[in-house]
Participant: 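Got a structure for you, questions after.
Side-chain atoms are counted along with the backbone in the values below, which use heavy atoms only and exclude waters and symmetry mates.
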There are 2 protein chains.
Amino acid sequence: MLSERQMMILRAVVRDFTNTGVPVGSKALAKQLPIHVSSATIRNEMAALEEQGLIKKTHSSSGRIPSVEGYRYYVDHLVKPDPLRPNDIDVIQSSLGGDFHKIDEIISQSATILSNLTSYTAFTLKPELKDSRLSGFRLVPLGKRQIMAILVTDSGDVENQTFDVAGDVDGEQLEAVVRLINDQLVGLTLPEVLKKLQAEIPAQIANYLQSPQGFLDIFGDVLTRAAQERFYVGGRLNLLNFSQDSDVDSLKSLYSLIDKTDDIASVLGQPSDKISVRIGNEMTNDALRNFSLITATYDVDQHGQGMIAILGPTRMPYSRMLGIVGAFREELAKKLLDYYRFYDE
Amino acid sequence: MLSERQMMILRAVVRDFTNTGVPVGSKALAKQLPIHVSSATIRNEMAALEEQGLIKKTHSSSGRIPSVEGYRYYVDHLVKPDPLRPNDIDVIQSSLGGDFHKIDEIISQSATILSNLTSYTAFTLKPELKDSRLSGFRLVPLGKRQIMAILVTDSGDVENQTFDVAGDVDGEQLEAVVRLINDQLVGLTLPEVLKKLQAEIPAQIANYLQSPQGFLDIFGDVLTRAAQERFYVGGRLNLLNFSQDSDVDSLKSLYSLIDKTDDIASVLGQPSDKISVRIGNEMTNDALRNFSLITATYDVDQHGQGMIAILGPTRMPYSRMLGIVGAFREELAKKLLDYYRFYDE
DNA sequence: TTTAGCACTCAAACTAATCAAGTGCTAAGA
DNA sequence: TCTTAGCACTTGATTAGTTTGAGTGCTAAA
């Protein structure tokens, strides 16, 4: 559809605009492009590109900026991920080099690294098996009136919560409840557990506890949290950099968005094995109209698939960002493989 | 030092300015004040107030706004806390009315309530005994390679952390370590524990574990966290409302400030039993130059003393805010007393 | 197909003019 | 001695008008 020359121009428009933020005009392009044609020719080509909806003007006599469709074409056909800068490699190596005692530390640290590399906001999700199953449940008495409920899944997730109980803690009762849970529910997927929890369990538990509701609440809480994907977020504050015309309201809705696990999960969407770029209003969420989201999955063999993502202004240098995300997913997968190898074998 | 009339004028200037944000002029005051003098008289009085540094002009022919000293005088001598609005009472009652299973839920909820009432940012700190002591330590094996460390203090704080260990978990070893900790350290204050942890403990632990360092790290982590005061923050996003001229940098430093426990602890300062107001640059921290902080302590009998605080623009309606903070501290203390009574007796 | 040339558009930056709110000061009155 | 009417003056905000510069589309010729 596009001639070679048009592609070259589109690429240059995106490059220039993402670097400088200023609409680019025909003269600047004529000077800069490797081919040697006059600005009038460029203008004609630009008119053609505009015709196809790939670039647009900010006002009738301005230079051009890419439209969402233009970015899309650029990302799909024209961009080549930049190789990492030596400096970036150092950052990754040193930040991911240390000793970690749990997966979550690595994942959370990764969000920070990614946000540092990009100076945008980053999200990371740890590798997950598709349907993780309940693998254990404990109630640990902590003191006079305090109990900690601990729930473990077969993918190694741990959720816990302490709560207070009135009256003395009866060790017998606790044991019985724990046994009940472990007998009836271990091995089921979390949604299945949740279903049973609403169906037969309450009646059974009533045999052991005089006031089962409190316990069911707690267990439900912990379970729900375990069932939720837990994103780590790095560089939250970087969003402030792009609050064009300091629109406090949209900033607020943006922040409430990224702080709600469910919302952010739905925005990040399904894992797919390639790197995906979503641009501006390609995301249905209105708060993200001026943002782009790059997501990528990473595989850690039998331990499942995780996800990393960065959220920045639509006007981001895609080639560099794609380079960073692409390289980082591999580094992270490698690091996690090492980690699992160390602790599993 | 100030005449009655001057006080009246200062009070009116602060009231007007905090309500409208517009510098107030002599004419408006003359119309509004209960005494009946001309604007020229008011002007003379204002000149006197300015002489004393209590009010100032934004430019040579503008109306007056209070200076930090003016706010201070107002807060110290002129303000009378507003009674709560019926609506506010409802909010408190309904948000604090539900059932809670742990102190922290009440405290964290309180931060949210306070921020809702004030539309500023609120901090809450749970009641603390002066030197809380280690009252228990557990290591709970969770799965193949996972262990959870749990630390409990005598004031009911619980900190926990999971970590992975290489090689099989040896129940014997864990028991021995737990016994060691409980024998040697329970009953000590946390700083004392920390000191011992660096002195004699490592050698002793080396008897039971082949690689004690990992364990010591974890234990140190959990301990440090337990020793830190944990503030709950409500209404973070409200800070965005006051980012005058949308200065991204100062906003960023503000946010990094309130997210660092140690920093915010030092800003909030020592508990004192009255309600305290710190205004603008009375706080040394530069990021807070345009903010005021109202802190108040609350007592829960033998369970110690907690703190609540709100952070808003220097230009805040102090009478209303003082009313809210004063009323809320009492509501909270009452609620907590009930809570303790229910679970303790 | 390319390009020089030209008329045209528009945002941004600057200037000038006006307005409204407020001040300080002076001199007269109570 | 305190109060006040009156007045000259200052200042930020608003508005309208100009200028500038970067850019465009279009036409006609190469």
Participant: Do the side chains of Arg236(B) and Asp259(B) get close enough for a salt bridge, i.e. N-O under 4.0 angstrom?
Facilitator: yes

Participant: Report the distance from atom CD1 of Ile65(A) to atom C1' of dC10(C), rounded to the nearest whole Å.
Facilitator: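 Interatomic distance, CD1 of Ile65(A) to C1' of dC10(C): 15 Å.
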
Participant: Has Arg64(A) got a side-chain N or O lying under 4.0 Å from the OP1 or OP2 atom of dG23(D)?
Facilitator: no

Participant: Is any side-chain N or O of Thr58(B) closer than 4.0 Å to OP1 or OP2 of dG12(D)?
Facilitator: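 Looking at the OP1 and OP2 atoms of dG12(D), neither is under 4.0 Å from any side-chain N or O of Thr58(B).
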
Participant: Whole angstroms only, please: what is the NE2-C1' distance between His36(B) and dT3(D)?
Facilitator: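 From His36(B) NE2 to dT3(D) C1': 11 Å.
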
Participant: If you only use heavy atoms from C-beta on, which nucleotide in dG24(C), dC10(C), dA5(D) is closest to the side chain of Ser38(B)?
Facilitator: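 So the side chain of Ser38(B) is nearest to dA5(D).
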
Participant: On a plain distance test, is the side chain of Ser61(A) in donor-acceptor contact with the base of dT9(C) below 3.5 Å?
Facilitator: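 Between dT9(C) and Ser61(A), which were checked side chain against base, a qualifying N/O pair under 3.5 Å is present.
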
Participant: Which one, dA11(C), dT24(D), dT11(D), comes nearest to the side chain of His59(A)?
Facilitator: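 Looking only at heavy atoms from C-beta outward on His59(A), the closest nucleotide is dA11(C).
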
Participant: Is the ring centre of Tyr120(A) less than 6.0 Å from the ring centre of Phe291(A)?
Facilitator: no

Participant: Cut-off 3.5 Å, side chains only: do Ser276(B) and Thr295(B) have a donor facing an acceptor?
Facilitator: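 Distance-only check passes for Ser276(B) and Thr295(B).
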
Participant: Roughly how many Å is it from CZ in Arg5(B) to C1' in dT1(D), rounded to a whole number?
Facilitator: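 Arg5(B) atom CZ is separated from dT1(D) atom C1' by 12 Å.
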
Participant: Name the closest nucleotide to the Lys57(B) side chain, picking from dT9(C), dG24(C), dG22(C).
Facilitator: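 Looking only at side-chain atoms, Lys57(B) lies closest to dG24(C).
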
Participant: Check the distance between dT3(C)'s C1' and Lys31(A)'s NZ and give it to me in whole angstrom.
Facilitator: 17 Å

Participant: Starting from P on dA4(C), measure out to CZ on Arg43(A) and report it in whole angstrom.
Facilitator: 10 Å

Participant: Taking only the side-chain nitrogens and oxygens of Thr41(B), find out if one of them lies under 4.0 Å from OP1 or OP2 of dT3(D).
Facilitator: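 Thr41(B) to dT3(D) OP1/OP2: no side-chain N or O under 4.0 Å.
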
Participant: Check Leu293(A) against Ala309(A) and note the closest heavy-atom contact, atom names and distance.
Facilitator: CD1-CB, 4.3 Å

Participant: Nearest-Å distance, NZ (Lys27(B)) to C1' (dA20(C))?
Facilitator: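 My rounded result for the distance is 10 Å.
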
Participant: Is it true that Thr18(B) and Tyr71(B) share a donor-acceptor pair across their side chains at a distance under 3.5 Å?
Facilitator: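 Their side chains do not contain a donor-acceptor pair, so the 3.5 Å distance test is not met.
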
Participant: When the distance from CD1 of Ile42(B) to P of dA21(C) is rounded to whole Å, what number comes out?
Facilitator: 18 Å

Participant: Does OP1 or OP2 of dT23(C) have a side-chain N or O of Ser60(B) closer than 4.0 Å?
Facilitator: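 Checking Ser60(B) against dT23(C): no side-chain N or O falls below 4.0 Å of OP1 or OP2.
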
Participant: dT24(D), dT2(C), dT23(C): which one has an atom nearest the side-chain heavy atoms of Met46(A)?
Facilitator: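 Closest nucleotide among those given: dT24(D).
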
Participant: How many Å lie between CG on Asn44(B) and C1' on dG6(D), as a whole number?
Facilitator: 14 Å

